[in-house]
Engineer: 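The following block contains the structure, expressed as C-alpha cells.
Only heavy atoms go into these numbers, but all of them, side chains included; no hydrogens, no water, no symmetry mates.
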Amino acid sequence: MNNKKTHIYFVPGLAADKEIFENISLPESLYTLHIISWLIPSKKETMAQYAKRMAAFVTEKNAVLVGVSFGGVVAQEMSSFLKLKKLIIISVSYTHLTLPT
C-alpha cells in the first residue's frame, strides 16, 4: 500500500481569495492542501513567464492542481511547467479562444 499523500494545490480566481477553498475537507491522512496566492505581474511579463513563476509554488511532483475561474486559465498555463497527477479547471470561460479552422 502506498502511504504517500497526494498534494493538492489550489489557485483561486482574481475576484476571490483563498476563502473559497476553506470548506474543502479531505482526509488528512491522504491529502495535503496548499493554496497559491497571486503574484504581482512584472511589466511586460508574458502569461507563460507569469505561469512559470506561479508554478514554482508547486513543490511536489505528481500533485493535483485546481484552478477556479481565471485561476483555471493560469493553472492550465502552469501545467506546462509541472509533472501533475491531475489538472482540474473549474468555471472557466474561454470567450476569446480562437479555434483552428
Engineer: Gln49 versus Ser42: any side-chain heavy-atom pair under 4.5 Å?
Structural biologist: no
Engineer: Considering all heavy atoms of both residues, which atom of Leu84 and which atom of Ser79 are nearest to each other, and what is their separation?
Structural biologist: CD1-CB, 3.7 Å
Engineer: Okay, side chain of Lys18, backbone of Ser37: is any donor-acceptor separation there less than 3.5 Å?
Structural biologist: no
Engineer: Over all heavy atoms of both residues, which pair between Glu45 and Tyr50 is shortest? Give the atoms and the distance, please.
Structural biologist: OE1-CD1, 3.4 Å
Engineer: Between Val74 and Ala51, which heavy-atom pair has the shortest distance, and what is it?
Structural biologist: O-CB, 4.4 Å
Engineer: With a 4.5 Å cut-off on side-chain heavy atoms, are Phe70 and Val11 touching?
Structural biologist: no
Engineer: Taking side chain as C-beta onward, heavy atoms only, is Val64 less than 4.5 Å from Tyr31?
Structural biologist: no
Engineer: Can you list every pair that meets side chain to side chain donor-acceptor pair (under 3.5 Å) and has a residue in residues 55-64, with sequence neighbours left out?
Structural biologist: Tyr9-Thr59
Engineer: List the residues meeting side chain to side chain contact (heavy atoms under 4.5 Å, CB included) with Ile90, not counting sequence neighbours, and say none if there are none.
Structural biologist: Val66, Val68, Ile88
Engineer: Can you measure from CG (Leu82) to CE (Met54) and round to the nearest 0.5 angstrom?
Structural biologist: 11.0 Å
Engineer: Do you know which two heavy atoms are closest between Gly13 and Ser69, and how far apart they sit?
Structural biologist: CA-CB, 4.2 Å
Engineer: What is the minimum heavy-atom distance between Leu87 and Gln76, and which atoms define it?
Structural biologist: CD2-CA, 3.9 Å
Engineer: Cluster question for you: counting only ILVMFWY and a side-chain heavy-atom cut-off of under 4.5 Å, with indirect links fine, are Phe81 and Val58 together?
Structural biologist: no
Engineer: Once you round to the nearest 0.5 Å, how far does CG of Leu33 lie from NZ of Lys5?
Structural biologist: 9.5 Å
Engineer: Taking all heavy atoms of Pro12 and all of Ile36, pick out the closest pair and write down the distance.
Structural biologist: CD-O, 3.4 Å
